[in-house]
Amino acid sequence: MISVAEAIQIVRQQTRTLPTEEVELNHALERVLAQNVVADSDLPPFDRSQMDGYAVRAEDVREAPARLRIVGESAAGRGWHHQLEEGQAVRIMTGAPVPAGADSVQQVELTHELKDRTVVELLESVEAGRSIVQRGAEIKAGETVLNAGTTINAAMMAVLAAFGYSTVEVFRRPRVAVLATGTELVAVDQKPGQDQIRDSNNYSIGAYAELAGAIVERLPVAGDETSVLKRQIAEAAERCDMIVTSGGVSMGVYDVTKAALKELDAELFFERVALRPGKPTVFARLPNGTLVFGLPGNPVSVSVTFNLFARTALLAMQGATEPALKHETAALAKSVKGTSERESYLPVQLTTNDDGELIAFPLKWGGSSDFVAFAVATALVIVPANVKTIEAGSLISVVRLP
Ligand code: AMP
Ligand code: MG
């Protein structure tokens with residue numbers, strides 16, 4: 001049995017980044033950059049006023065109040081492109097270029113205009129440089145402003161737009177097929193008969209995969225027939241970069257996922273991880289390169305194993321530099337119990353206390369089948385293997401659930 005860290009390492013080693021594609025800026029949100037983004041101009045591109053007010057020479061208003069002659073107006077998009085001389089002021093708006101010769105802007109609240117608006121009185125002096133953002137103070141042309149591997153968020157959309165990226169090179173989104181196995185399963189729109197339950201895993205897996213940037217296809221529920229499963233996997237592999245199955249990986253008579261994968265000549269990288277819940281997790285690759293995650297059937301195990309392993313592969317495929325869930329540290333609000341030989345990932349809700357510390361509240365739950373209780377978890381705390389109890393108040397590693 002390998003550790004969770006080793007399994008994640010194997011996932012990263014065996015995952016190739018997908019080819020890149022060019023998308024319109026409007027479709028770039030949440031995509032992973034495949035190129036560095038470089039400023040094509042200084043920012044600001046000219047000395048820019050931060051205030052509505054008057055552009056002046058600071059030395060002309062050293063003694064306030066001081067009166068200056070208004071010689072022009074500089075508005076955003078329509079600057080005043082002359083030399084400002086001694087004793088002059090230019091009315092200026094936020095975002096407008098500061099005229100040559102001016103070295104400061106006095107805000108309008110500290111001024112008033114006189115004599116048919118041809119003279120302005122500045123009520124206070126102003127030091128040189130005030131309320132001006134110098135050309136290039138934020139970014140210089142040629143600087144890299146976003147690095148390849150970054151997931152584009154809403155604020156970065158503005159960065160791309162500002163530097164003229166009407167299209168942007170990103171990694172292709174992975175295509176993922178999800179497939180639930182189990183003779184007991186019926187589709188969501190059916191009433192379960194005797195001994196049956198509705199398939200719920202396809203929906204959580206599909207949703208987590210979408211959150212990880214994938215284009216998801218939900219296949220019809222498969223029974224526990226190796227031949228049927230084999231056919232479905234083989235067909236899906238033709239269109240998909242990854243297949244995620246659930247169920248059928250334990251030691252029972254009807255646990256057919258591994259048999260199907262072997263008959264398809266898949267290379268199995270691991271089939272047991274020292275993890276609770278989620279020990280019988282399978283990671284394999286089909287001869288055509290499609291990755292397969294065979295997750296256990298229990299809905300909670302599905303959420304844990306998907307996010308530890310399959311999510312990591314999906315982000316790595318898209319070129320993310322840090323694809324695995326990030327470890328943070330929180331204080332435990334209640335004690336938790338570990339188990340021998342396996343690392344435990346237990347559901348908690350994360351909050352902060354008044355001192356700003358991260359606090360993990362373990363959920364009351366009935367174990368790895370209790371997906372209703374699990375649904376309100378926001379994170380998982382990690383109890384190392386062979387640790388009996390971690391007491392309330394102790395610091396503990398956590399990973400946030402997407
Ligand atoms: P298995 O790993 O196939 O032995 O399944 C373990 C448990 O998870 C059993 O109780 C299954 O009925 C349940 N289970 C398996 N697949 C699903 C699914 N798609 N949706 C809901 N529960 C499932
Ligand atoms: Mg089953």
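The structure presented is a predicted model; accordingly, all values stated were derived computationally and were not measured. Each ligand, and each atom within it, is numbered from 1 in the order the structure gives. Residue numbers count from 1 along this sequence.
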message: Taking 4.0 Å as the limit for heavy-atom contacts, which would you say applies to Leu185 with ligand 1: side chain only, backbone only, both, or neither?
response: side chain
message: With a heavy-atom distance limit of 4.0 Å, tell me whether Val221 approaches ligand 1 through its side chain, its backbone, both, or neither.
response: neither
Around [atom], find the nearest protein heavy atom and jot down its residue, atom name and distance.
{"atom": "atom 19 (N) of ligand 1", "value": "Asp199 OD1, 2.8 Å"}
{"atom": "atom 22 (N) of ligand 1", "value": "Ile197 CD1, 3.5 Å"}
{"atom": "atom 18 (C) of ligand 1", "value": "Asn201 ND2, 3.1 Å"}

field: Nearest-option assignment for atom 5 (O) of ligand 1, heavy atoms, candidates Ala222, Ser301, Gly297
entry: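 Looking at heavy atoms only, the winner is Gly297.
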message: For atom 9 (C) of ligand 1, which of the options Glu184, Gln196, Arg198, Met251 provides the nearest non-hydrogen atom?
response: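 Of the listed residues, Glu184 has the closest heavy atom.
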- prompt: With a 4.0 Å cut-off on heavy atoms, is Gly248 touching ligand 1?
  reply: yes
- prompt: At a 4.0 Å cut-off, with the gap strictly under it, does some heavy atom of Ser200 reach an atom of ligand 1?
  reply: yes
task: Examine Asn202 against ligand 1 and note whether any of their N/O atoms are separated by less than 3.5 Å.
output: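 No, since none of the N or O atoms of Asn202 sits under 3.5 Å from an N or O of ligand 1.
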Using a strict cut-off of 4.0 Å, indicate which atoms of ligand 1 neighbour a heavy atom of [X].
{"X": "Asn298", "value": "6 (C), 7 (C), 8 (O)"}
{"X": "Ser250", "value": "2 (O), 4 (O)"}
{"X": "Ala180", "value": "19 (N)"}

query: Given the rule in the salt bridge (Lys or Arg N to Asp or Glu O under 4.0 Å) test, do Glu21 and Arg31 qualify, once you have shown the distances and angles that lead to the verdict?
result: CA-CA 11 Å; Glu21 62 185 5; Arg31 303 295 297 270; 2.7 Å; yes
message: For a quick test of reading the model, state the closest non-hydrogen atom pair linking Glu184 to Asp195 and the distance between them.
response: CB-O, 3.7 Å
message: Using only atom types and a distance under 3.5 Å, with no angle test, would you say the side chain of Asp224 pairs donor to acceptor with the backbone of Thr183?
response: yes
message: Just verifying a value: how many Å separate Leu358 CG and Thr329 OG1, rounded to the nearest 0.5 Å?
response: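 OG1 of Thr329 is found 8.5 Å from CG of Leu358.
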- line: Output for pair (Leu264 CG, Thr290 OG1), nearest 0.5 Å, gives 11.0 Å
Of Leu325, Thr378, Leu350, the residue whose pairing with Arg400 passes side chain to side chain contact (heavy atoms under 4.5 Å, CB included):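 Going through the options one by one, the only one that passes is Leu350.
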- request: May I ask you to decide if the ring planes of Phe374 and Trp365 are parallel, tilted or perpendicular, using 30° and 60° as cut-offs?
  value: tilted
- request: Considering only NZ, NE, NH1 and NH2 on the basic side and carboxylate oxygens on the acidic side, decide whether Arg130 and Glu127 come within less than 4.0 Å.
  value: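 Yes, this pair counts.
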query: Charged N to carboxylate O under 4.0 angstrom, Arg48 versus Glu138?
result: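 Salt bridge present between Arg48 and Glu138.
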